[in-house]
Peer 1: 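What follows is a structure written as structure tokens; I'll ask about it next.
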Amino acid sequence: MTAVVTEGLNPAQLEAVTHADGPLLILAGAGTGKTRTITRRVAHLVGDLAVPPGRVLAITFTNKAAREMRHRIAEWVPGTGLWCGTFHATCARMLRIDAERVGRTRDFTILDVEDRRKLLRQLIKDAGWDPTLYRPRRFEQYISHWKQKSMEPAAALEEAALFGLDEERAAHIYAKYEVALARQDNLDFDDLLLKGLQLVRLDATATRRWADKFEHVLVDEYQDTNDLQYQFVRLLSAACGNLAVCGDPDQSIYRWRGADIGNILRFEEDFPGTRVIRLEQNYRSVGNVLKAAQHVIRHNHARKEKDLYTEREDGPPLAMRELPTEDQEAQEVAMAAERWERSGTPRQEIAVFYRTNACSRSLEAAFTRRQIPYQVVGGLSFFERREVKDLLAYARLVVNPRDDVAALRVVNVPPRGIGQTSIDRVRAAAAEFDESVLQVLRRDEVRKALRGPAKKGVLHFLKVVFDAGEFSKSAEQTLRCVIDRSGYRRFADGLSATEDVDRGENIDELLAFAAEYDVREEGGLRGFLEEISLLTDVDRWEEGAERVSLMTVHAAKGLEFDRVAVVGMEEGLFPHARAFEEAEGLEEERRLFYVALTRAREEIFLTHARMRFRTGAPGPQAASRFLDELPPDVLPDVQFHSELREQSFADAGDSPDDDSLYNDDDGILRPGDLVHHRVFGDGSVQRVLGEGVNQRLVVLFDDSGQERTLLAAYSMLEKIL
């Protein structure tokens, strides 16, 4: 088996795969074959070292990565039955087995973001506060922060008292929110990790069902773990001592959601005796892309040095382009996509990245005008569409009759005469009897208290839910029963008549997805709902679809394409303005740029606009400092860049002025020179950064009193004689 499993591995990969016992840190640079290394290691453990499959836990960060890992492992060790999934999926699986120990049943349902906010909004209103002033989204952030710190509501209230009224009210709602979740047998996304950790902590001092279960624990993308995840894997690996983690500090980009880069930077301290192996041979990118990424990331301090190299050719130089406006930038990128496609690159191998979702507007318009098929990754998810959420709410009630959020969403959908007054009475009765909405609707006295058509409507609602329950072993049949018995398709067709949405087509797609799940898995309706609740943006990306992909850089993590464009390379956008408010913010932004560069196999196109519509109005933009950090030898030569500059002016309907940068006595502007800019006005050159095509001018403008950094070749500066 060993010769087969280790076939084709380079020396560093082989060393990581065959490591026996003890803690292991695999520092895997971008494109160095870490997935191959981890999967082969699992195959080696099970096939060569005879570790029972059920005693191996492999954790990834996306369902896509977990599926790929299971598929690859099955090639080497068919039918292993090992534990392989995301942190959230792993915790959910454990909780399904042992939920009673943390106050839930095995039929608990998982609230998505929209439903969590609806519940918070209702709790805020019940407390007598205006949800437009005390926003559910803001309270959600507080609660998520407290859960990531393992803080119960009482501890959160003590902390909140030190800060202000907003935090105190959020802590007050947090307590009520936890009561509501327990009563409804619900968990939110943060709870999966928190309750999973609580389960392992309880078990470690009692049955040790989980504490002693695994002989080997493997974690991918370890640089993105938060404190809950760190504690979780530490406890699960404490008995065996065999924790192998794979990651790259240079790709840690989720600090905003609690990820702690320190978990990987201090791994050797936390786990004495750690063996460190560096994967440094890059198999993905051409030389110029790799050199550019390496040169930029070395400006960071919080990292572990790696010297990535490739045996591939250098490839073309990185292309950079400044455009007058964001719309012209989008048009230029769309034209580049057309050129790439004409030269033989399939659409699915072309991607456009941006720092924030707001940048997609102009891109979508440009791609639509040029009739280029595209998909937006991370936009409105299929599972967030109204008709899909309605049908899934019915399905959640079949699995968990205590789910009040689901019940209140569809009790009058399609309309069956149950108005808001009747719903308020039902909620009051549920509180009085300490029962769920569905349970209290079974009471004769509650139904008799309703007036008009609401009585008949409630009976119809109950019948739909209970009839659907007979088919819960099949996700598809359950949904078909709901659609048929409720008349939902006719209702959805009526909605589509007034909106440019084909809801019937979405319903059919949901049924097809459920049918596919029934064939693939044996989890029934409950398993189907859980799979949907754990999907991420990347999981929703249609790999192989013949469309150009538009996405944020965060969504691109884990993906790769032949050719990549990165738009919006401007100060305040990329790096984002928020990065300047925190000590570690700029380094995280630089890591994000590193991730963007290393997604490309063949070619990178970087663009920025001189004017962009932001904060409600168009405003001038300065080129990103990250462009300054690119090594000159991966960029086009000056002549090529000058041609781009001429074309840029032609696109804008202008031509370079005779008194521009290159018409000085020696063609160079120096510190102290007085200059004029058509947008910013008069100013003086303060500093000159870099050289050649990558040169920047720092200019202090008189009108604003602000310094701006301009790309010299595109600065449109006129020297004032």
Peer 1: Any side-chain donor paired with an acceptor under 3.5 Å for Glu221 and Gln223?
Peer 2: yes
Peer 1: Please determine if Arg402 forms a cation-pi arrangement with Phe108, meaning its NZ or CZ atom is less than 6.0 Å from the six-membered ring centre and no more than 45° off the ring axis.
Peer 2: no
Peer 1: Consider only side-chain N and O atoms of Thr109 and Asn186, and report whether a donor and an acceptor are under 3.5 Å apart.
Peer 2: yes
Peer 1: Show the numbers, then the answer: is there a side-chain hydrogen bond (donor to acceptor under 3.5 Å, both in side chains) between Gln148 and Asn226?
Peer 2: CA-CA 8 Å; Gln148 288 179 17; Asn226 60 26; 4.9 Å; no
Peer 1: Between Leu397 and Ala407, which heavy-atom pair has the shortest distance, and what is it?
Peer 2: CD1-CA, 3.6 Å
Peer 1: Which residues pass the salt bridge (charged side-chain N to carboxylate O under 4.0 Å, His left out) test with Arg257, not counting sequence neighbours?
Peer 2: none
Peer 1: Side chains of Trp210 and Asp98 only: does a donor on one sit below 3.5 Å from an acceptor on the other?
Peer 2: yes
Peer 1: Please check if the distance between the ring centroids of Phe61 and Tyr254 is under 6.0 Å.
Peer 2: no
Peer 1: Do you know the tightest heavy-atom contact between Arg208 and Ala239?
Peer 2: NH2-CB, 4.0 Å
Peer 1: State, to 0.1 Å, how close His19 and Arg41 come at their nearest heavy-atom pair, and which atoms those are.
Peer 2: O-NH1, 2.5 Å
Peer 1: Show me the pairs that pass side chain to side chain donor-acceptor pair (under 3.5 Å) and involve residues 81-91, at least two apart or across chains.
Peer 2: none
Peer 1: According to side-chain hydrogen bond (donor to acceptor under 3.5 Å, both in side chains), who are the partners of Arg183, at least two apart in sequence or on a separate chain?
Peer 2: none
Peer 1: Give a yes-or-no answer on whether the side chains of Ser533 and Glu530 include a donor-acceptor pair shorter than 3.5 Å.
Peer 2: no
Peer 1: Can you tell me if Arg490 has over 12 outside heavy atoms packed within less than 6.0 Å of its CZ?
Peer 2: no
Peer 1: So which pairs with a foot in residues 457-476 pass ring pair (Phe, Tyr, Trp, His ring centres under 6.0 Å), sequence neighbours left out?
Peer 2: none
Peer 1: Can you list everything that forms a ring pair (Phe, Tyr, Trp, His ring centres under 6.0 Å) with Tyr374? Sequence neighbours excluded, please.
Peer 2: none
Peer 1: Name all residues meeting the ring pair (Phe, Tyr, Trp, His ring centres under 6.0 Å) criterion together with Tyr222; count only those two or more places apart in sequence or in a different chain, and write none if there are none.
Peer 2: Phe267
Peer 1: Might you point out which heavy atoms bring Ala28 and Lys34 nearest each other, and give the distance in Å?
Peer 2: CB-CB, 3.6 Å
Peer 1: Measure from NZ or CZ of Arg503 to the centre of the six-membered ring of Phe491 and say whether it is under 6.0 Å with the direction within 45° of the ring axis.
Peer 2: no
